Undergrad: 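Before I ask anything, let me first share the structure, which is written out below as structure tokens.
Labels below follow one simple rule: chain letters A, B, ... track the order of the sequence lines, proteins then strands, and each chain is numbered from 1. The model shown is predicted, which means the values in this text are computed figures rather than measured ones.
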Amino acid sequence: MWPASRNELIEIQRALAGATPDPWWPPRDPPAIGAAVVVFARGQTGPGARGDPAWSAAAVLRRRQVLAEAMLAGAAAGPYAPGLLALREGPCLESCLRALAVAPDVVLVDATARDHPRRAGLALQLGAVADVPTVGVTHRPLLARGEWPDDERGAWSPLVLAGERVGVWLRTRRGARPLAVHPGWRTTLEVAIDIVLMAARAHRTPEPLRHARRLARVARADAARTVARRACDE
DNA sequence: GCGACAG
DNA sequence: ATCTTGTCGC
């Protein structure tokens, strides 16, 4: 499910685009919302390459309580290219999701889903591989277009790709740029909006994503500190 | 050929 | 992805 070659990934994406998993609905109680992120070395710019040092982290939160955390040091599976993000981040994201001691009900990921050249972005694929409902949250769409919503928390407007509604611009905070929210594996547009609004209260970015990113950066800083200490000792 | 381009 | 300086507001 995580190929090393572009052509193989493209084939998987084509197959995944036609999958029709059962929709997931949030429980009546607040769900355990997870997130997984990958960060790369400071100063590294551009598409990168296979083997680049990468630190991944995941977290599960219910309301504001942290139920589980995971951090891993690893390596990028490949370079980044638009439409092929899974080639770079897929394996790291799955690994740290599997390292969580508490399984999340739904997972947030920095990626698109149907907003993709083959309608199968990483948010969709990660959910299929890890067998968990997902919602994509990005700063901007990959291909879809749409006007911004009103400047009010909860306001949203459609993101459209080739006449199809593939996501929404969602305002999680007044005065802040909206997020691009992508229904992913087993999530409807309404559920995706609901989950993101539930997870993003105090800040624009949903708390599980912020928490996971903080953890990944701590792992990266710890690695840098260890390298510096080794250099000092010699 | 040129710009656009999740992270 | 990563960097950056400055500005505004609690």
Side-chain angles (χ1 to χ4, degrees), chain A residues 2 6 9-10 12-13 16-17 35-58 73-97 107-129 134-146 151 153 159-162 166-170 173-185 187 192 196 201-206 209-210 212-221 223-224:
Chain A
W2 301 118
R6 327 174 30 119
L9 174 58
I10 287 167
I12 289 170
Q13 289 172 340
L16 188 57
V37 306
V38 182
V39 302
F40 298 95
R42 301 190 56 154
Q44 188 195 289
T45 189
R50 179 165 59 86
D52 287 343
W55 294 269
S56 56
Y80 168 77
L84 301 171
L85 179 59
L87 213 52
R88 183 157 183 76
E89 299 191 354
C92 287
L93 291 173
E94 187 197 354
S95 302
C96 73
L97 272 187
V107 169
L108 307 179
V109 52
D110 294 326
T112 69
R114 256 55 238 213
D115 173 17
H116 184 275
R118 288 163 295 280
R119 309 298 189 272
L122 178 56
L124 199 68
Q125 190 173 356
L126 183 65
V129 171
T134 57
V135 174
V137 177
T138 60
H139 295 304
R140 59 175 195 260
L142 178 53
L143 298 173
R145 293 298 164 108
D151 188 12
R153 174 177 158 87
L159 278 166
V160 175
L161 176 59
V166 295
V168 295
W169 281 120
L170 175 64
R173 196 180 166 166
R174 217 169 120 189
R177 182 189 162 87
L179 296 173
V181 172
H182 310 263
W185 187 247
T187 53
V196 170
R201 297 287 189 163
H203 303 270
R204 178 180 87 117
T205 305
L209 278 172
R210 300 189 66 215
R213 183 163 302 281
R214 185 157 61 243
L215 290 175
R217 287 180 164 157
V218 165
R220 179 177 64 184

Undergrad: Once you round it to whole Å, what is the distance between P of B:dA6 and CG of A:Leu209?
TA: 17 Å

Undergrad: Base, sugar-phosphate, or nothing for A:Leu93, non-hydrogen atoms under 4.0 angstrom?
TA: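 Counting heavy atoms under 4.0 Å across all strands, no contact is made by A:Leu93.
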
Undergrad: Between C:dT2, B:dC5, B:dG7, which nucleotide has the shortest distance from any of its atoms to the side chain of A:Thr45?
TA: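 Among the listed nucleotides, the one closest to the side chain of A:Thr45 is C:dT2.
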
Undergrad: So what does A:Gly121 hit on the nucleic acid, given a heavy-atom distance under 4.0 Å: a base, only sugar-phosphate, or nothing?
TA: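 Result for A:Gly121 = base.
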
Undergrad: Find the distance A:Arg140:CZ to B:dA6:P and express it as a whole number of Å.
TA: 4 Å

Undergrad: Taking CH2 from A:Trp55 and P from C:dA1, how many angstroms apart are they, rounded to a whole number?
TA: 15 Å

Undergrad: Using the side-chain heavy atoms of A:Arg42, tell me which of these nucleotides is nearest: B:dG7, C:dT2, B:dA6.
TA: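 Out of B:dG7, C:dT2, B:dA6, the nucleotide with an atom closest to A:Arg42's side chain is C:dT2.
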
Undergrad: Which nucleotide in the list B:dG7, C:dT2, B:dA6 gets nearest to the side chain of A:Ala111?
TA: B:dA6

Undergrad: Tell me what A:Gly136 touches on the nucleic acid: a base, only sugar-phosphate, or nothing, going by heavy atoms under 4.0 Å.
TA: nothing

Undergrad: Rounded to the nearest Å, what distance is computed from the CZ atom of residue A:Arg217 to the C1' atom of nucleotide C:dT2?
TA: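 Those two atoms, CZ and C1', are 9 Å apart.
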
Undergrad: List the atom of A:Ala35, the atom of A:Ala212, and the distance in Å for their closest heavy-atom pair.
TA: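 It is O-CB, 3.9 Å.
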
Undergrad: Any donor-acceptor pair under 3.5 Å joining the side chain of A:Thr138 to the base of B:dA6?
TA: no

Undergrad: Quickly work out the A:Trp2 CH2 to B:dG7 C1' distance and round it to whole Å.
TA: 13 Å

Undergrad: In whole Å, what is the span from the CZ atom of A:Arg88 to the P atom of C:dA1?
TA: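 Rounded to whole Å, this separation is 11 Å.
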
Undergrad: Nearest heavy-atom pair of A:Phe40 and A:Arg220: which atoms, and what distance?
TA: O-NH1, 2.7 Å

Undergrad: Provide, to the nearest angstrom, the distance between the NE2 atom belonging to A:His182 and the P atom belonging to B:dG7.
TA: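 Distance, rounded to whole Å: 8 Å.
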
Undergrad: Looking at every strand, decide which applies to A:Gly48 at a 4.0 Å heavy-atom threshold: base, sugar-phosphate, or nothing.
TA: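 Answer is nothing: A:Gly48 stays at 4.0 Å or more from every strand.
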
Undergrad: Without decimals, in angstroms, what is the distance between A:Trp169 CH2 and B:dA6 P?
TA: 11 Å

Undergrad: For a 4.5 angstrom cut-off between non-hydrogen side-chain atoms, does A:Pro117 reach A:Leu142?
TA: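 Contact flag for A:Pro117/A:Leu142 side chains = yes.
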
Undergrad: Decide yes or no on side chain to side chain contact (heavy atoms under 4.5 Å, CB included) for A:Val37 and A:Leu215, but give the supporting numbers first.
TA: CA-CA 9 Å; A:Val37 306; A:Leu215 290 175; over 6 Å; no

Undergrad: Planes under 30° and centres closer than 5.5 Å, is that true for A:Phe40 with the base of C:dA1?
TA: no

Undergrad: Which part of the nucleic acid, if any, lies within reach of A:Leu143 when heavy atoms closer than 4.0 Å are counted: base, sugar-phosphate only, or nothing?
TA: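 The answer is nothing, as A:Leu143 stays clear of every strand by at least 4.0 Å.
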
Undergrad: Mind checking if A:Val39 touches a base, just sugar-phosphate, or nothing, with heavy atoms under 4.0 Å?
TA: sugar-phosphate

Undergrad: Could you tell me which non-hydrogen atom of A:Ala57 sits nearest to which non-hydrogen atom of A:Ala216, and how far apart they are?
TA: CB-N, 3.5 Å

